[in-house]
Amino acid sequence: MNVYDSEKIAGLLASRGYRITRRPSEADLVVVNTCAIREKAEQKVFSYLGRLAGLKRRRADMLVAVGGCVAQQQGDRIPARQPCVDIVFGTQAIGRLPALVERAEAGFGPLTDTGPAEGIEMITGAAAGGLDAGISRFVTVMRGCDNYCTYCVVPFVRGREVSRSPEAVVAEVRELVADGAREVTLLGQNVNSYGRKEGLCSFARLLARVNAVDGLARIRFTTSHPKDLSDELIAAFGSLDKLCRHLHLPVQSGSDAVLKRMNRGYTRQHYLARVERIRAACPGIALSTDIIVGFPGETEEDFRQTLELIREVEYDSLFAFKYSDRPDAPARRFSRKVAEEEKKRRLKAVLDTQEHITRRKNRQCVGRIETVLVEGVSRRNAAAGAGAARMQWTGRTSENRIVNFSREEGAAVAPPQTGQLVDVLIEKAFAHSLWGRAPAVRPVKPRPKGDACYAA
Ligand code: SAH
Ligand code: SF4
């Protein structure tokens, strides 16, 4: 979401004549887009601002603007703590940033705007002239969250849930495709409640409308809340040819007692039944998840149940986090906090368990032909400046596995192009990626409907 917002910010500032530079030392304006989801992310903001303060001592005319969730949460306290900051703009003030910058350029400040948006389109919308426009882009379909999981700061800093109209979403996807995008990831904290409040179409219907956009090759989305994962959405994996075979379904914990205190609204059994259903509808679909270790009161037995669930589901990948107290989130007042050392140990156990599973799953890919959406020349190869004969490319499978590959020696066909779908024969598996060769570098047609998935 912050990447998407940064694109939007860059697009808005282009209207005031600003262009992107990657070097803060040559910038007239530095925009720091912040995350407050865990304490560590918040600490990073202030250490970065400390470095900018040093820079500003040499470049007094440079402006510093801080946006995002930390800005929303701390407002005026940011310039009070770090005087190099000229502008603080909250999560719903993005649309007003150009006006704030204009005032700061005129010498006013520090300025703070943590007020509400005047409408969802004020804080979303296509990003003309934004950051590096890759082939894979984000599109926000809804903002905020009404779920109030007890550990989470999102409802307090991003506000109540609100959805964009399907027309606005489809129009933005079309604009991005016209700008070179081949893949879009639709974003929302809980896409399954998309449009419910506003009486818009269901998320599955929205996916169908995006699926019809010409020139788009792939659709991904995140995040689907397990309590609301509908049969209609599961069926979409079987009927929409552009929808990738990957579902991110954050479980957070494998223990019912912990899930209850987290206010997640589902049980372990409900979650496992959903997984079974999605796998029946779409065999081979990749599943990923988020895990929090060391939630207040998490016992050794609760944690064992989480490890057991990870082994049972056999995720393709996961993100694991040590629980962190957040301002406003009720769990901060929960007793029986887990010691930092113990959280570290549990985090390592989760990551080790998953690594074992990922390696095994990656090995199973060897010998298969995978369709890869080419994202570009691989980084190592770009740096080495290798000749065309030894070039390596990088991309992802529908299941979101990273594949690095080279061309079959003496291949008569043209080298693969960024944005092309190519068939790659997988020859080696590593912990976090696959290696292969493109036997015949030819564009492949999108998978015919129902080829590998079956409607539920
Ligand atoms: N809306 C998504 C997740 C958004 S936050 C969902 O409901 O699944 C992304 C992830 O950060 C969460 O899934 C959770 O695993 C983690 N997270 C959120 N708050 C946290 C906290 N206080 N401490 C540690 N991890 C947290
Ligand atoms: Fe946070 Fe829960 Fe909302 Fe996800 S669903 S953003 S974890 S409150």
Side-chain angles (χ1 to χ4, degrees), residues 1-5 34-44 68-70 72-73 91 138 140-163 185-194 196-197 203 220-229 233 246-255 258-266 270-271 274-275 287-298 303 306 309-310 315 317-334 337-338 340 342-344 346-347 350-351 354:
M1 280 188 179
N2 275 20
V3 171
Y4 176 87
D5 286 348
T34 63
C35 173
I37 197 79
R38 282 171 295 278
E39 201 184 352
K40 199 168 150 193
E42 198 174 320
Q43 285 163 357
K44 279 192 200 163
C69 293
V70 178
Q72 184 67 37
Q73 202 165 44
T91 52
F138 295 110
T140 284
V141 303
M142 58 205 292
R143 317 269 322 194
C145 183
D146 289 348
N147 280 313
Y148 294 97
C149 303
T150 55
Y151 51 80
C152 187
V153 76
V154 170
F156 305 98
V157 288
R158 291 265 178 182
R160 303 307 300 266
E161 190 180 284
V162 37
S163 300
T185 302
L186 305 184
L187 299 174
Q189 295 296 350
N190 177 15
V191 294
N192 258 11
S193 53
Y194 169 81
R196 208 179 276 168
K197 264 187 186 172
F203 184 64
R220 302 184 186 277
F221 65 85
T222 195
T223 294
S224 197
H225 196 302
K227 80 176 160 59
D228 301 317
L229 175 61
L233 183 54
H246 171 216
L247 178 66
H248 185 62
L249 198 59
V251 67
Q252 314 297 358
S253 168
S255 152
V258 174
L259 288 172
K260 190 148 191 233
R261 286 203 306 283
M262 286 178 166
N263 191 31
R264 287 292 286 175
Y266 54 85
H270 172 87
Y271 184 91
R274 290 281 82 185
V275 165
L287 294 177
S288 57
T289 202
D290 291 347
I291 303 275
I292 296 178
V293 298
F295 186 75
E298 184 189 69
F303 179 63
T306 298
L309 181 130
I310 293 169
Y315 292 105
S317 64
L318 58 73
F319 299 94
F321 312 101
K322 288 182 287 180
Y323 167 77
S324 149
D325 274 341
R326 302 312 295 129
D328 299 319
R332 147 179 153 261
R333 291 188 298 273
F334 290 5
K337 292 278 160 62
V338 176
E340 184 60 26
E342 183 56 22
K343 283 197 256 185
K344 263 193 204 158
R346 291 182 188 178
L347 183 71
V350 166
L351 296 176
Q354 182 57 40

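Source: prediction; values computed, not measured. Side-chain atoms are counted along with the backbone in the values below, which use heavy atoms only and exclude waters and symmetry mates. First listed ligand is number 1; within each ligand, the first listed atom is number 1.
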Measure the distance from atom 6 (S) of ligand 2 to every protein heavy atom, then report the residue, atom name and distance (to 0.1 Å) of the closest one. Gln189 OE1, 3.4 Å
Cation-pi, Phe295 ring and Arg261 (6.0 angstrom, 45 degrees): no
Here the atoms of ligand 1 under 4.0 Å from any heavy atom belonging to Pro250 are 8 (O)
Applying a 4.0 Å heavy-atom criterion (strictly less than), which segment of Tyr151 is in contact with ligand 1: side chain, backbone, both, or neither? both
Contact partition for Arg38 relative to ligand 1, non-hydrogen atoms under 4.0 Å: side chain
Among all protein heavy atoms in this structure, tell me which lies nearest to atom 21 (C) of ligand 1, with the distance rounded to 0.1 Å. Ser324 O, 3.6 Å
Examine Asp290 against ligand 1 and note whether any of their N/O atoms are separated by less than 3.5 Å. yes
Judging by distance only, is a nitrogen or oxygen of Tyr323 under 3.5 angstrom from one on ligand 1? no
Heavy-atom nearest neighbour in the protein, as seen from atom 7 (O) of ligand 1, with distance rounded to 0.1 Å: Arg264 NH1, 3.2 Å
At the 4.0 Å heavy-atom cut-off, does Arg264 count as touching ligand 2? yes
Measure the distance from atom 4 (C) of ligand 1 to every protein heavy atom, then report the residue, atom name and distance (to 0.1 Å) of the closest one. Gln189 OE1, 3.3 Å
Is Cys145 close enough that one of its N/O/S atoms sits under 2.8 Å from atom 2 (Fe) of ligand 2? no
Heavy-atom distances under 4.0 Å decide this one: backbone, side chain, both or neither, for Arg332 against ligand 1? neither
